[in-house]
Number of protein chains: 2
Amino acid sequence: MPARTPRKRRSSLEARAAILDAAEKRLVDAGPGGIRLQDVAADVGVSHPTVLHHFGSREGLINALVERALQDTQAQVMAAVQAAPARTDTIAAILDAVFAQMKQSGRARAFLWLALSGFAGGVSGLNLYPLAEFVHAMRVERRKGRKKPPVFDDTYFSVLLPALSLLTLAALEQKGRLDPRFDGAKFRVWLAELIHSHLERD
Amino acid sequence: MPARTPRKRRSSLEARAAILDAAEKRLVDAGPGGIRLQDVAADVGVSHPTVLHHFGSREGLINALVERALQDTQAQVMAAVQAAPARTDTIAAILDAVFAQMKQSGRARAFLWLALSGFAGGVSGLNLYPLAEFVHAMRVERRKGRKKPPVFDDTYFSVLLPALSLLTLAALEQKGRLDPRFDGAKFRVWLAELIHSHLERD
DNA sequence: ATAGTTATCTACAACATTGTCAACAACAGG
DNA sequence: CCTGTTGTTGACAATGTTGTAGATAACTAT
């Protein structure tokens, strides 16, 4: 006779959170195609119909996953930017910190993957314009009384460039897909210096 | 009675090439998970066992695909670099041209996808060191008699930065996943200018 | 022509995955 | 203690995908 396991009953919110955690781990490790209901369910310790009960369908699960990850990250970026002292030479440090965390959490990989897969919320969901506007305001302030006011596009590109490259770097470094000779930390320092000196120049 | 279609028989090489073309298109459009034997076979106009006959297995097909794409791209980059006049201000133009073609061919997407998926040949297969060494030699030559000789890491990073960002940009621009306000061409010009002025400075 | 090679096909097997359904059980409120 | 709600489950259906096997037919070489 099968030893019946005592059935555990979580609250709907707890169950959803646990399932989303497991699904996101699968997403980070193996991409959207790696999110299989049976596997996710097994990770959480439930049967796969339970997952379907909470999210309706596989697509519903992925949508919920994307939404949560996007909101989390957006909040983190906002917090990092607002908490930072308004000095130009900290911009690179902010970006570095934010994307270091995106690397650790695996969300750099997740977002790149989702963007490639065509999910609506992918990288385009990460709107850089608010950040660029914030940085631009600092630049304008800092340049008061000087000759030329900075152009917004220049500031935006100065934010976009490290965002793009560090996102990809974070996504690929994590899996060790980069040349072993490559020193990521050194590159980030170099990039920070490049952006910094560019923003400071007239 | 079924109207029997006249069976076409290609040479092994032609068949393999046609199948690889179809598979690569699927890879670019939908990622590795989008490579389904039946679909690929249907695209070529054969039955799926024919694909298995030529590549042994699905994995064999993907391996062959990656190898071909990698060699093709490597050759293209080499050709572009060697054909260019050895002036520093053309470096950005070279990179721009190479990655514009990677965008058009969809290989930016393919490589990013493969790198994320963990395929051995992914982005790490695209070795940037030869290119960096070539550029560095030009820099050294150009600086003869000046004060400080350029550091190789600085040159390497100057190649890596546009490579990384343009690769991702090419991968995402193609699918229209970027903010509609974003002007890719303008960004590339800006980036070229940034790299150029950095390489020229002492 | 004739025979050998092999690219190609149809049919089938094996397996994985998503989704449905009815029943069970844990917990809350009466 | 009883009852309703609902989180949870096992069994099953439907479908899709990879891979196998034997037969067929197109091309090549003699």
Side-chain angles (χ1 to χ4, degrees), chain A residues 1-27 29-66 68 113 117-119, chain B residues 1-27 29-66 68 113 117-119:
Chain A
M1 52 204 69
R4 52 187 161 154
T5 50
R7 202 182 272 185
K8 288 177 185 177
R9 186 190 177 97
R10 294 172 242 239
S11 77
S12 182
L13 271 167
E14 283 173 334
R16 287 177 63 97
I19 293 169
L20 285 180
D21 288 343
E24 185 165 344
K25 189 167 187 307
R26 293 260 164 195
L27 171 65
D29 288 345
I35 300 180
R36 275 168 302 234
L37 297 187
Q38 300 190 7
D39 296 344
V40 170
D43 291 345
V44 181
V46 298
S47 63
H48 86 269
T50 296
V51 177
L52 287 168
H53 168 73
H54 285 291
F55 297 96
S57 67
R58 186 188 117 103
E59 196 182 337
L61 170 64
I62 296 182
N63 286 340
L65 195 173
V66 171
R68 191 186 71 158
W113 231 321
S117 305
F119 279 87
Chain B
M1 53 205 71
R4 54 190 161 149
T5 49
R7 201 183 277 186
K8 288 178 183 176
R9 186 192 178 97
R10 297 172 239 237
S11 76
S12 182
L13 271 166
E14 284 172 334
R16 287 177 64 96
I19 292 169
L20 285 180
D21 288 343
E24 186 165 343
K25 189 166 187 306
R26 293 261 164 194
L27 171 65
D29 288 344
I35 301 179
R36 276 169 300 236
L37 297 187
Q38 299 189 6
D39 297 343
V40 171
D43 291 345
V44 181
V46 298
S47 62
H48 87 268
T50 297
V51 177
L52 287 168
H53 169 73
H54 284 291
F55 296 96
S57 66
R58 187 187 116 103
E59 194 182 337
L61 169 64
I62 295 182
N63 287 340
L65 197 174
V66 171
R68 191 185 71 160
W113 231 321
S117 305
F119 279 88

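Throughout, a chain's letter reflects where its sequence line sits, starting with A, and its residues are numbered from 1.
Every residue two or more places apart in sequence or in another chain was checked for a side-chain hydrogen bond (donor to acceptor under 3.5 Å, both in side chains) with A:Asn63, and none qualifies. Partners of B:Arg68 according to the salt bridge (Lys or Arg N to Asp or Glu O under 4.0 Å) rule, which considers only residues two or more places apart in sequence or in another chain, are B:Asp21, B:Glu24.
Considering NE2 of A:His53 and OG of A:Ser12, their distance stands at 6.5 Å, rounded to 0.5 Å. Rounded to the nearest 0.5 Å, atoms NZ (A:Lys8) and CD (A:Glu14) are 12.0 Å apart.
Residues of residues 34-42 of chain B that place a heavy atom closer than 4.0 Å to DNA chain D, in numerical order, are B:Ile35, B:Arg36, B:Leu37, B:Gln38. For residues 48-63 of chain B, proximity to DNA chain D is found at B:His48, B:Pro49, B:Leu52, B:Ser57, B:Arg58, defined as any non-hydrogen atom under 4.0 angstrom from a strand atom. Of all the residues in residues 9-21 of chain A, A:Arg9 reach under 4.0 Å from DNA chain C with at least one non-hydrogen atom.
Each end of the helix from C:dA1-D:dT30 to C:dG30-D:dC1 yields a helix axis from five base pairs, and these two axes differ in direction by 10° (to the nearest 10 degrees).
Screening B:Ile19, B:Leu52, B:Thr50 for a side chain to side chain contact (heavy atoms under 4.5 Å, CB included) with B:Leu37, the sole residue that qualifies is B:Leu52.
What you find for B:Leu27 and B:Pro32 is that their closest heavy atoms are CD1-N, 3.5 Å.
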Scan the side chains in residues 39-46 of chain A for donor-acceptor partners under 3.5 Å anywhere in the protein, sequence neighbours excluded, and list what turns up.
| unit_1 | atom_1 | unit_2 | atom_2 | d |
| --- | --- | --- | --- | --- |
| A:Asp39 | OD2 | A:Arg36 | NE | 2.9 |
| A:Asp39 | OD2 | A:Arg36 | NH2 | 3.3 |
| A:Asp43 | OD1 | A:Arg26 | NH2 | 3.2 |
| A:Asp43 | OD2 | A:Arg26 | NE | 3.0 |
| A:Asp43 | OD2 | A:Arg26 | NH2 | 3.2 |

Can I get a per-line list of side-chain donor-acceptor pairs under 3.5 Å for residues 55-62 of chain B, giving both atom names and the distance, sequence neighbours left out?
| unit_1 | atom_1 | unit_2 | atom_2 | d |
| --- | --- | --- | --- | --- |
| B:Ser57 | OG | B:Glu59 | N | 3.4 |
| B:Ser57 | OG | B:Gly60 | N | 3.1 |
| B:Arg58 | NH1 | B:Ile35 | O | 2.6 |

